[in-house]
> 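After the structure tokens below, expect a handful of questions from me.
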There are 2 protein chains.
Amino acid sequence: MSKLLDIPEVRSFILHWGEMGTEWGVNRSVAQVHALLYLSDRPLHAEEICEALALARSNVSTGLKELQSYQIVRRVHVEGDRRDHFVAETDLWEMLMKLAAERKRREFDPTIQFLGELAESVNGREDVPTHVRERIGRMHEFIGTLTGWYADVRNLPKPTLVRLMKLGRGIARFLPGKSTD
Amino acid sequence: MSKLLDIPEVRSFILHWGEMGTEWGVNRSVAQVHALLYLSDRPLHAEEICEALALARSNVSTGLKELQSYQIVRRVHVEGDRRDHFVAETDLWEMLMKLAAERKRREFDPTIQFLGELAESVNGREDVPTHVRERIGRMHEFIGTLTGWYADVRNLPKPTLVRLMKLGRGIARFLPGKSTD
DNA sequence: CTGTAATTTCAGAAATTAATGGAAACGAGG
DNA sequence: CCTCGTTTCCATTAATTTCTGAAATTACAG
């Protein structure tokens, strides 16, 4: 293993990232593996990661699989080495978009589906109070709008996105219709 | 308790919301209490919530406190009743913004602080590889940009926000500079 | 004040989730 | 079609989180 882990700041970063993960429903080891790869400038193989983070091999393997399913880590081949090696996405915009995409797929899409069915089911039912029908419907619509928006934003070229971010609330100035700002 | 819980769709909604919570680092009971209040058109007191969700009184109390700390549930007084009653925010935009605000405060602000210190600490250090300094710095800047953007968006009037959302990727058309869309 | 109802706190129990190590499966190279 | 190094699976153990009930505290009415 490199001397990356000899740098206290690197260890510190990895630990913090692990904690962040747990706060957002990502398992600590998975987040730590990700942090390590993010800070590495060369592909690492599973054994190195185990050693660096003192995790069981199987745990690292699972973690790598999970990170790959998010598409923020990918397998690369290293010349003359039979083992798989791994590198992390280092473009943070790309990373965020990919994380969002996967969580949308795993959690939001099924929820929209589910709420759609609920809304359907209570639609016009005498025994269901109006306000319940309304609120289920509004939740359905709301989550739909959010994910629709995400799908849109995802397809914007990165420079446009960055420009948008930088604009912040200044965006209001450029919108059609009355300037409500 | 009302007959809300007699409606299978209502139970179903509450259960699903509870699961969603756990996926995002919010405790299941807390999310369920929230779901129940969201679907209720009148203030509920703690005892009713316990009964409805079959949770211990203390658990409900903790959950309500948590929801209040997010500002998506508030205490209201009901005429002639000594007990505290609770209602949920039903404007979903408002709710999302408040959730975001609180998680920013709890998780992002400390992380930015932390990364700032790390970046400071490795700045110009010979023993820290350039790419590590760079990547820590970029992460710091990135999270900073995100939360800055949030702060901006939060202050936009809701109609503007909604307009923005609806526009989606069409937004590119209205931006200054070359139309990269 | 005093007594009672409502709420919060807290330490331990229960449940859930994560991590481990060994065994089985896999696959590239011979 | 073996062999060797690697990865994946799975049952067990460990750690963490959640939930509970009893005790403490607070709020309030008389």
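Numbers restart at 1 for each chain; the letters A, B, ... are given by sequence-line order, proteins then strands.
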> Between A:Ala56 and B:Arg57, which has a closest nucleotide on DNA chain C that is more 5'?
B:Arg57
> On DNA chain D, nearest-nucleotide positions of A:Asn59 versus A:Asp81: which is more 5'?
A:Asp81
> Between B:Lys65 and C:dT9, is there a side-chain N or O to OP1/OP2 distance below 4.0 Å?
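Yes, because at least one side-chain N or O of B:Lys65 sits under 4.0 Å from OP1 or OP2 of C:dT9.
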> Which whole-number value in Å describes the distance from B:Glu19 CD to C:dT16 P?
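About 10 Å, once rounded to whole Å.
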> Starting from P on D:dG5, measure out to NE2 on A:His85 and report it in whole angstrom.
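After rounding, the gap between these two atoms is 16 Å.
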> Any non-hydrogen side-chain atom of A:Glu102 less than 4.5 Å from a side-chain atom of A:Gln71?
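When only atoms from C-beta onward are counted, A:Gln71 and A:Glu102 do not touch, as no gap falls below 4.5 Å.
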> Checking B:Arg103 against A:Trp24: charged group under 6.0 Å from the ring centre and within 45 degrees of the axis?
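Judged by the rule (NZ or CZ under 6.0 Å from the ring centre, within 45° of its axis), B:Arg103 counts as positioned above A:Trp24.
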> Which of these nucleotides, D:dA27, C:dT7, C:dT9, is closest to any side-chain atom of B:Arg82?
D:dA27
> Give a yes/no verdict on a cation-pi contact between A:Arg28 and A:Trp17, requiring under 6.0 Å between NZ or CZ and the six-membered ring centre and an angle within 45° of the axis.
no
> Please tell me which of the listed nucleotides, C:dT8, D:dT6, D:dT18, lies nearest to the side chain of A:Arg83?
D:dT6
> Whole angstroms only, please: what is the NE2-C1' distance between A:His77 and C:dG29?
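Atom-to-atom, A:His77 to C:dG29, this comes out as 12 Å.
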> On DNA chain D, compare the nucleotides closest to A:Asp84 and B:Arg28; which residue's is nearer the 5' end?
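Counting from the 5' end, the first nearest nucleotide belongs to A:Asp84.
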> Assign A:Thr22 to base, sugar-phosphate, or nothing according to its heavy-atom contacts below 4.0 angstrom with the strands shown.
nothing
> Find the distance B:Arg75:CZ to C:dA6:P and express it as a whole number of Å.
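Distance, rounded to whole Å: 15 Å.
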> Distance check: side-chain N/O of A:Asn27 vs OP1/OP2 of C:dA19, anything under 4.0 Å?
yes
> To the nearest Å, how far apart are B:Ile49 CD1 and C:dA6 C1'?
14 Å
> Under 4.0 Å between any heavy atoms, over every strand shown, what does A:Thr62 touch: base, sugar-phosphate, or nothing? Just pick one.
nothing
> Could you state the atom-to-atom distance from CD of A:Gln68 to P of D:dT7 in whole Å?
10 Å
> Do A:Met95 and A:Leu92 come close enough that some side-chain heavy atom pair is under 4.5 Å?
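Answer yes - side chains close enough.
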> Looking at D:dT7, D:dG21, D:dC28, which one has an atom nearest to any side-chain atom of B:Ser58?
D:dG21
> Is it true that the side chains of B:Ser69 and B:Arg106 contain a donor and an acceptor less than 3.5 Å apart?
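Judged by distance alone, the side chains do pair up.
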